[in-house]
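Just so it is clear, the model here is predicted, and its values are computed rather than measured.
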2 protein chains.
Amino acid sequence: MAQPTIKDVAKLAGVSISTVSRVMNDSKPVSPEARRKVLDAINKLDFKPNELARSLVMKKSNLIGVIVEDIGIEYMDQLIRGVEEIGHLYKYDIILSSTYGDDNALENAIEFLSTKQVEGIVVISENISAEVLVKLRDNKTPFILLDKFHDFKKLNTVKIDYLNEQYKLIEYLNSLGHENIAYVTKKDHDYLSDIKIEGYKKFMEKKNLEPIIIEARGNSSDDGYNIGEEVISQVKSKNLSAISFINDQVAVGFIAYCYDNGIKVPDDFSVVGFGDSEISRVYRPKLTTVSIPNYDIGAICIRALIKRIRGEEDILENNWILDAQLISRDSTKSR
Amino acid sequence: MAQPTIKDVAKLAGVSISTVSRVMNDSKPVSPEARRKVLDAINKLDFKPNELARSLVMKKSNLIGVIVEDIGIEYMDQLIRGVEEIGHLYKYDIILSSTYGDDNALENAIEFLSTKQVEGIVVISENISAEVLVKLRDNKTPFILLDKFHDFKKLNTVKIDYLNEQYKLIEYLNSLGHENIAYVTKKDHDYLSDIKIEGYKKFMEKKNLEPIIIEARGNSSDDGYNIGEEVISQVKSKNLSAISFINDQVAVGFIAYCYDNGIKVPDDFSVVGFGDSEISRVYRPKLTTVSIPNYDIGAICIRALIKRIRGEEDILENNWILDAQLISRDSTKSR
């Protein structure tokens, strides 16, 4: 038997198609008698309204598009989980698109999502060009950029204060007696990596200490391993006693290099990461790092977006800054 | 200015709406002259067809729904990446939904996706109930189950031969001289965990060795750490010289427990994981494990699904079995 249509429902209920439509969409008053007949017919026929057709009538798709660089990035699952679970509470479903860091793919995703009539878009990307941003604005769909250090005005977001958190991390190393502290970033700078460098430099300059910045190839554990030789040569020439890494993966890769070369962390020097990823807890020595509340960031973001979609109060009239947490473990010790 | 509609296009081109529709959908013949006028008007107005409306006309959404248990599962990103990248090649976009292991959420996702008129569904789940499967079949949308050890007939999938790969892993340990080999699984069995146990048992029984199965609470690194004490007591009472773990995370968590208690891997005994996740490469000692071609599994799956959608040849007339690869690293040594 073919799928029942709205016509079949109207016929069985003995009412007009527009009455069925009114009941389904709760759009205009319908007599209780007619409503009962329509609902009975819908049940009897096991009629499933075509959501596509409904959303054309209702102008509501109950969809939110989420564009991410790469779901494989370590912290992404917690961010997206926050977005999804809170979105579901509000009866929104999530369409996820990955761009794998390609600007064209990002533009296409925006275009694609808006033709799917999503009611809002979340872009989770550490890098977004001005061109793409203009496109996003032109598109008129409410959107929020997450995980991003843009210098575009009036685009508020939910984040931690990376500059200050990195500053506090170096301050902590200094409180353990370390003064010759290097910072390992990655070659391709972005807003996020630059702002952490700033936090590092700010502390070093305040204390009149020499900032030493080393660039790894990227931000994976392999990159941490491969920068090992260079870091160790700087340890020797600059008498470093602590090294702060752009993230946990690079830090752990570097510690693996040390292990393979008979160098002991934290006996020979202290190492800190950033992010509190699973590997920082399970690696030995356990990594001192900074914990980012990614689930909460996702949750607040989607709440803000849904309020915008509904025309309710804007809870992002300013940036929403969450606290991160310094977690001291076994990769650091006092001088 | 408001978004131009199909009416505006027809007006500017001086043709009927149905002519515009024919040009857009390539559905019926249109004179070259009319086609040119319509395309000119579309360009001049920068007209963007409403994809929702188009998909109603065309019965094509160009969407494929992917339902996953949890994108946070370690290997999930490579699987999904395979699905997405190959899907994009065929001009399909992916809607991703997470169920977080809840059967109701899985049913809802199927219902939701079919109302969104997806052309096909991929379910990536290690556990699916018969009820949900019936729902999936009733739904009439082409679908493929991935990463699943169902005993439902005629539901072919893309996978590795877990039983045989686990068998070969134990065989490898035995070739290093190990005979007292334990296997650590998780408390809540599922098809996937059971089939690996079978592979382990099959080898042990063939060699007349006693199978020793230990159940960790779950399959995270924390669970591996927490089962440490019990495993070590079995090492002592059964004189174990090798332990095979359900996955890399549990294996690495257990090695961390050993480290914290002055026990040396592989000097005191050998340890193997399963999966070849990032942590198996960066941990010290590096973990001996089995590499699963997750990207390829996703890629073949989506290709098979698209062929079904298009009514082309079924490339999954049987299960598609890919080879896994045993990777010997530093957590194992000869007795």
Side-chain angles (χ1 to χ4, degrees), chain A residues 3 48-56 61-63 65-66 68 70-74 76-78 80-81 84-85 88 93-98 100 105 108-109 111-117 140 220-222 224-225 249 252-253 255-260 278-279 281-286 330, chain B residues 3 48-56 61-63 65-66 68 70-74 76-78 80-81 84-85 88 93-98 100 105 108-109 111-117 140 220-222 224-225 249 252-253 255-260 278-279 281-286 330:
Chain A
Q3 284 276 65
K48 284 172 197 157
N50 178 326
E51 287 286 333
L52 280 170
R54 273 190 77 172
S55 64
L56 280 177
S61 62
N62 274 81
L63 281 179
V66 176
V68 301
D70 186 347
I71 60 163
I73 297 177
E74 216 276 333
M76 214 51 106
D77 65 307
Q78 283 302 313
I80 296 171
R81 192 164 183 151
E84 273 198 315
E85 291 192 342
H88 284 167
D93 283 291
I94 307 300
I95 295 186
L96 204 61
S97 274
S98 309
Y100 302 114
N108 287 342
E111 184 99 24
F112 155 66
L113 288 173
S114 47
T115 58
K116 294 299 171 209
Q117 315 261 309
K140 302 224 165 55
S220 73
S221 53
D222 283 346
Y225 194 92
Q249 282 69 35
V252 162
I255 296 177
Y257 175 88
C258 292
Y259 177 95
D260 291 352
E278 189 191 355
I279 208 168
R281 292 185 292 273
V282 70
Y283 213 83
R284 293 296 180 269
K286 292 182 201 169
D330 307 334
Chain B
Q3 284 277 66
K48 286 172 197 158
N50 178 327
E51 286 288 332
L52 280 171
R54 274 191 77 173
S55 63
L56 281 176
S61 63
N62 273 82
L63 281 179
V66 176
V68 301
D70 186 346
I71 58 163
I73 296 176
E74 217 276 334
M76 215 51 107
D77 65 306
Q78 283 303 310
I80 296 171
R81 193 166 183 148
E84 273 198 315
E85 290 190 343
H88 284 166
D93 283 289
I94 306 300
I95 294 186
L96 203 61
S97 273
S98 309
Y100 301 115
N108 287 342
E111 184 98 28
F112 155 68
L113 288 173
S114 49
T115 57
K116 294 298 171 208
Q117 314 262 308
K140 303 224 164 51
S220 72
S221 53
D222 283 346
Y225 194 92
Q249 282 70 35
V252 162
I255 296 178
Y257 174 87
C258 294
Y259 177 94
D260 291 351
E278 189 192 354
I279 207 169
R281 293 185 290 272
V282 70
Y283 213 83
R284 293 297 180 270
K286 291 182 202 171
D330 306 334

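- Comparing A:A109, A:S221, A:G65 by how many heavy-atom pairs each has under 4.5 Å with chain B, the most go to A:S221.
- Interatomic distance, A:S98 OG to B:I94 CD1, rounded to the nearest 0.5 Å: 9.5 Å.
- How far CD1 of A:I71 is from CG of B:D77: 5.5 Å, rounded to the nearest 0.5 Å.
- From B:D93, atom CG reaches atom CD1 of A:I95 across 8.5 Å, with rounding to the nearest 0.5 Å.
- Separating the CD atom in A:E84 from the OG atom in B:S97 is a distance of 6.5 Å, to the nearest 0.5 Å.
- The pair A:R281-B:D222 fails the salt-bridge criterion, with no side-chain N (NZ, NE, NH1 or NH2) lying under 4.0 Å from an Asp/Glu carboxylate O.
- Heavy-atom distances place no part of A:Q78 under 4.5 Å from chain B, backbone and side chain included.
- Using a 4.5 Å cut-off on side-chain heavy atoms (C-beta onward), B:R284 and A:I255 make no contact.
- Of the atoms belonging to B:D70, it is side-chain heavy atoms, and not backbone ones, that fall under 4.5 Å from chain A.
- Side-chain atoms of B:Y225 never come within 3.5 Å of backbone atoms of A:V282 as a donor-acceptor pair (strictly under, hydrogens ignored).
- For the set A:H88, A:Q249, A:E278, the count of heavy-atom pairs under 4.5 angstrom toward chain B peaks at A:E278.
- Each of B:I279, B:V66, B:D260 has some count of heavy-atom pairs under 4.5 Å with chain A, and the biggest count is that of B:D260.
- Interface residue B:Y259: only side-chain heavy atoms are found under 4.5 Å from chain A.
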